[in-house]
Participant: 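For reference, the structure I am asking about is given below.
A quick note: this is a predicted structure, and the numbers were derived from the prediction, not measured.
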Amino acid sequence: MRKINIFDTTLRDGEQSAGVNLNLQEKLEIARQLERLKVDIIEAGFPAASKGDFQSVKQIAETIKHGSVTGLSRSVQSDIDTAWEALKGGAEPRLHLFIATSPIHMAHKLRMTPEQVIEAAVSSVKYAKRYFPIVQWSAEDACRSELPFLAEIVAKVIEAGASVINIPDTVGYITPKEYGEIFDFLRKNVPNIEKISLSAHCHDDLGMAVANSLAAIEHGATQIEGTINGIGERAGNAALEEVAVALYIRKDYYKAETGLNLQEIKRTSNLVSKLTGMTLPANKAIVGKNAFAHESGIHQDGVLKEKTTYEIISPELVGVQSNSMVLGKHSGRHALRNRVVELGYTLSEAEINKLFVRFKELADKKKDITDDDLVALIFEEKFDLFKEFYQLSSIQVQYGTNQIPTAVVVLMDGQGNEIQEAATGAGSVESLYNTLERCFKTEVKLLDYRIESVSGGRDALAQVFVKVRVNEMETSGRGTAQDVLEASAKAYINAVNRVFMIEKMREENQKVVIKN
């Protein structure tokens, strides 16, 4: 069985999804979970893009002990120097260099001749090898490049010291047959190709990212790049969980395997979904809530008699648990702490104490606290790092079918001042958000609003995700509460606070860029 390395770019390419804005604590939590998943390489960001990105990459590199952390870099010496400063403390520092090779990119974006592109690529690889033991080189827009030129530049960067050659389908244009032919062409026409590992990085614009990645494996690729849940720029990247499970289930065909701990897939997927605010479609392969549901009577009958009649993947394989531990109001701090550890979260003693207070408050209102409820509480306590701006004190909403919905909100600002406003709207949520906008004294445009229950039952926690635009900046927020309107208010405040945090960092000359 060939070993396929998994290169995860959730924290770099994935964060480029519209409206996704992860803070340092959220990035670290995702990186730790990727380590539990046993990802081979974590692309933590683009160190030269901003001071915020630099700090994130640096801390992730110093935190991850099992696996390699890398950062993206243009073919520019200053980018390489910055990346080294961020990555040198890692267990296995490596660099991901890129330059465009397609005629359209070279002519219109780079405004460089093919000869100049080759010179820049070779010199940057040579310079990077002074610092990094492993240099990965990517031909941006490789799939629309002229194959003889692609073979020429690949041969020269290998000679210059590149260890991994990545062939990205940057715009999601290629088909599986064509993509496989590119790998075959390079293997036949690059004389020193056996010295390196070939990698595939596919985008999903035409819905073929996973199929293209698997085709690359069939044609010699030994590394696959992608993201958890397939998030990323435009239509996203190849979903790594789909690639990994396809290789496992069809190892008879592909004769290849990853080193991933497949039982951590569901937990990783949930973490990324909640922290990015990108809810999974119910029919999403491998991790969607309907992935193992059977409604057809014929299917149900078959599965009851023999699971493999309609179920080629067992839920347990990817970490979907049929039952979970239930805590209640009589559960103590020790039981809570143990369950948090079992769920894979790292909390300090102070965070455990805060969580325990929230847990007891919820247990008085809700008979049973499920794992999903507990995770929702953890997210609210651990990842809401913007409380220095606005905090919700109270809300009151008046609604009736023959009345105009009216909301009264009391907020506390970062200086401890109380802000109270009231407003009306066409509905309860609109009146609430109109009131909050008055409190913020800035225009807020709501782009998306979604609500879901954390678990079943009338007493279930509500989880609200919003996407907003404030001061020409687009970001997302989330909020959890038993009351739908309270959760809605928390989500809105969380999103706006993220924008204010970014603006504060910019004022302190710590520029944070939402999209690289």
Side-chain angles (χ1 to χ4, degrees), residues 6-18 20 41 43 45-46 48-49 70-76 79 95-112 114 117-118 120-121 124-125 135-154 157 162 164-183 185-186 197-217 219 221 223-227 230-240 243 513 515-516:
I6 294 297
F7 178 113
D8 181 278
T9 184
T10 302
L11 295 173
R12 200 275 301 171
D13 210 334
E15 203 201 4
Q16 290 178 198
S17 303
V20 173
I41 303 109
E43 187 169 48
F46 191 165
T70 188
L72 189 67
S73 170
R74 294 169 298 178
S75 297
V76 178
D79 274 23
L95 185 67
H96 183 191
L97 276 172
F98 76 97
I99 194 167
T101 56
S102 67
I104 191 169
H105 275 238
M106 289 190 290
H108 298 286
K109 187 181 79 170
L110 299 178
R111 296 184 179 177
M112 295 168 67
V117 170
I118 290 175
S124 62
V125 170
V135 174
Q136 171 172 317
W137 181 83
S138 285
E140 186 184 9
D141 205 24
C143 295
R144 294 191 295 174
S145 300
E146 295 172 344
L147 291 185
F149 174 72
L150 187 61
E152 180 185 359
I153 194 170
V154 165
V157 294
V164 181
I165 300 296
N166 181 38
I167 307 300
D169 181 20
T170 305
V171 295
Y173 176 77
I174 206 81
T175 66
K177 182 176 182 293
E178 292 171 316
Y179 198 45
E181 288 169 353
I182 292 176
F183 282 83
F185 183 89
L186 293 176
S197 172
L198 281 170
S199 182
H201 178 116
C202 300
H203 280 260
D204 207 35
D205 297 71
L206 295 177
M208 292 188 282
V210 170
N212 284 334
S213 299
L214 293 170
I217 291 170
H219 292 266
Q223 177 175 293
I224 296 298
E225 304 185 13
T227 59
I231 67 172
E233 190 83 48
R234 304 182 314 278
N237 293 256
L240 289 177
V243 174
V513 181
K515 288 182 70 175
N516 297 329

Participant: Could you tell me whether a side-chain N or O of Asn212 sits under 3.5 Å from a main-chain N or O of Cys202, the two making a donor and an acceptor?
Facilitator: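 A pair under 3.5 Å: no.
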Participant: Report the distance from atom CG of Asn237 to atom CD1 of Ile231, rounding to the nearest 0.5 Å.
Facilitator: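 Answer for the CG-CD1 pair, Asn237 versus Ile231, is 8.5 Å.
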Participant: Does anything in residues 202-216 pair up under salt bridge (Lys or Arg N to Asp or Glu O under 4.0 Å), and if so which pairs, sequence neighbours excluded?
Facilitator: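 Matches after skipping sequence neighbours: Asp205-Arg234.
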Participant: Would you find a donor on one side and an acceptor on the other, under 3.5 Å apart, between the side chain of Ser102 and the backbone of Ser145?
Facilitator: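 No, because the side chain of Ser102 does not come within donor-acceptor range (under 3.5 Å) of the backbone of Ser145.
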Participant: Once you measure the plane-to-plane angle for His201 and His203, does it fall in the parallel (<30°), tilted (30-60°) or perpendicular (>60°) bin?
Facilitator: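 Answer is tilted, since the angle falls between 30° and 60°.
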Participant: Looking at Leu95 and Gly71, what are the two nearest heavy atoms and their distance?
Facilitator: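 Residues Leu95 and Gly71, closest heavy atoms: CD1-O, 3.7 Å.
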Participant: What is the distance from atom OG1 of Thr10 to atom CG of Leu240, rounded to the nearest 0.5 Å?
Facilitator: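 Answer for the OG1-CG pair, Thr10 versus Leu240, is 6.5 Å.
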Participant: Checking Pro103 now: which residues fulfil side-chain contact (heavy atoms from CB on, under 4.5 Å) with it, not counting sequence neighbours?
Facilitator: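 Only Glu146 meet the side-chain contact (heavy atoms from CB on, under 4.5 Å) criterion with Pro103.
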Participant: Stepwise, does the side-chain contact (heavy atoms from CB on, under 4.5 Å) test hold for Gln136 with Ile41?
Facilitator: CA-CA 11 Å; Gln136 171 172 317; Ile41 303 109; over 6 Å; no
Participant: Could you walk me through whether Leu150 and Ile182 satisfy the side-chain contact (heavy atoms from CB on, under 4.5 Å) test, starting with their C-alpha distance in whole Å, then the side-chain angles of each, then the deciding distance to 0.1 Å, before giving a yes or no?
Facilitator: CA-CA 9 Å; Leu150 187 61; Ile182 292 176; 4.1 Å; yes
Participant: Does a side-chain N-to-carboxylate-O contact under 4.0 Å join Glu225 and Arg12?
Facilitator: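 Looking at Arg12 together with Glu225, the answer is no, because their closest N to O distance does not fall below 4.0 Å.
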Participant: Counting N and O atoms only, with roles assigned by atom type, does the side chain of Asp79 sit under 3.5 Å from a partner on the main chain of Arg74, one being a donor and the other an acceptor?
Facilitator: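 Between the backbone of Arg74 and the side chain of Asp79 there is a qualifying donor-acceptor contact (under 3.5 Å).
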Participant: Once you round to the nearest 0.5 Å, how far does CD1 of Ile167 lie from OH of Tyr179?
Facilitator: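 That separation rounds to 7.0 Å.
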Participant: What pair of heavy atoms forms the shortest contact from Pro114 to Met106, and how long is it?
Facilitator: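 For Pro114 and Met106, the tightest heavy-atom pair comes out as CA-SD, 4.0 Å.
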Participant: Roughly how far apart are Leu72 CG and Phe98 CZ, rounded to 0.5 Å?
Facilitator: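 Here the rounded value is 5.0 Å.
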Participant: So, does Ser199 use its side chain to make a donor-acceptor pair with the main chain of Ile224 at under 3.5 Å?
Facilitator: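 Pair absent, no side-chain N/O of Ser199 close to backbone of Ile224.
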Participant: Do Ile153 and Trp137 pass the side-chain contact (heavy atoms from CB on, under 4.5 Å) test, and can you show the C-alpha distance, the side-chain angles, and the key distance before you say yes or no?
Facilitator: CA-CA 10 Å; Ile153 194 170; Trp137 181 83; 3.8 Å; yes
Participant: Considering all heavy atoms of both residues, which atom of Ser75 and which atom of Leu97 are nearest to each other, and what is their separation?
Facilitator: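 Heavy atoms only, the tightest pair is CA-CD2, 4.2 Å.
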Participant: How long is the gap from CG on Leu147 to CD on Glu152, to the nearest 0.5 Å?
Facilitator: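 Reported value, rounded in 0.5 Å steps: 13.0 Å.
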Participant: Can you name the closest pair of heavy atoms from Asp141 and His105 and give their distance?
Facilitator: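 Smallest interatomic distance, heavy atoms only, reads OD2-CD2, 3.1 Å.
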Participant: Would a 4.5 Å heavy-atom cut-off, applied to side chains only, mark Phe7 and Val164 as touching?
Facilitator: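 Counting from C-beta outward, Phe7 and Val164 never come under 4.5 Å.
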Participant: Look at atom CZ of Phe185 and say whether more than 12 heavy atoms of other residues, nucleotides or ligands are closer to it than 6.0 Å.
Facilitator: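 Correct, the count exceeds 12.
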Participant: Taking atom CG of Leu186 and atom NE2 of His219, what is their separation to the nearest 0.5 Å?
Facilitator: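 Going from the CG atom of Leu186 to the NE2 atom of His219 covers 12.5 Å.
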Participant: Apply side-chain hydrogen bond (donor to acceptor under 3.5 Å, both in side chains) to Ser138 and list each qualifying residue two or more places apart in sequence or on a separate chain.
Facilitator: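 His96, Asn166.
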Participant: Evaluate Ile99 against Leu110 for side-chain contact (heavy atoms from CB on, under 4.5 Å), listing each step before the verdict.
Facilitator: CA-CA 9 Å; Ile99 194 167; Leu110 299 178; 3.9 Å; yes
Participant: Indicate the atoms forming the closest heavy-atom contact of Val210 with Ala239, along with that distance.
Facilitator: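 The answer is CG2-N, 3.7 Å.
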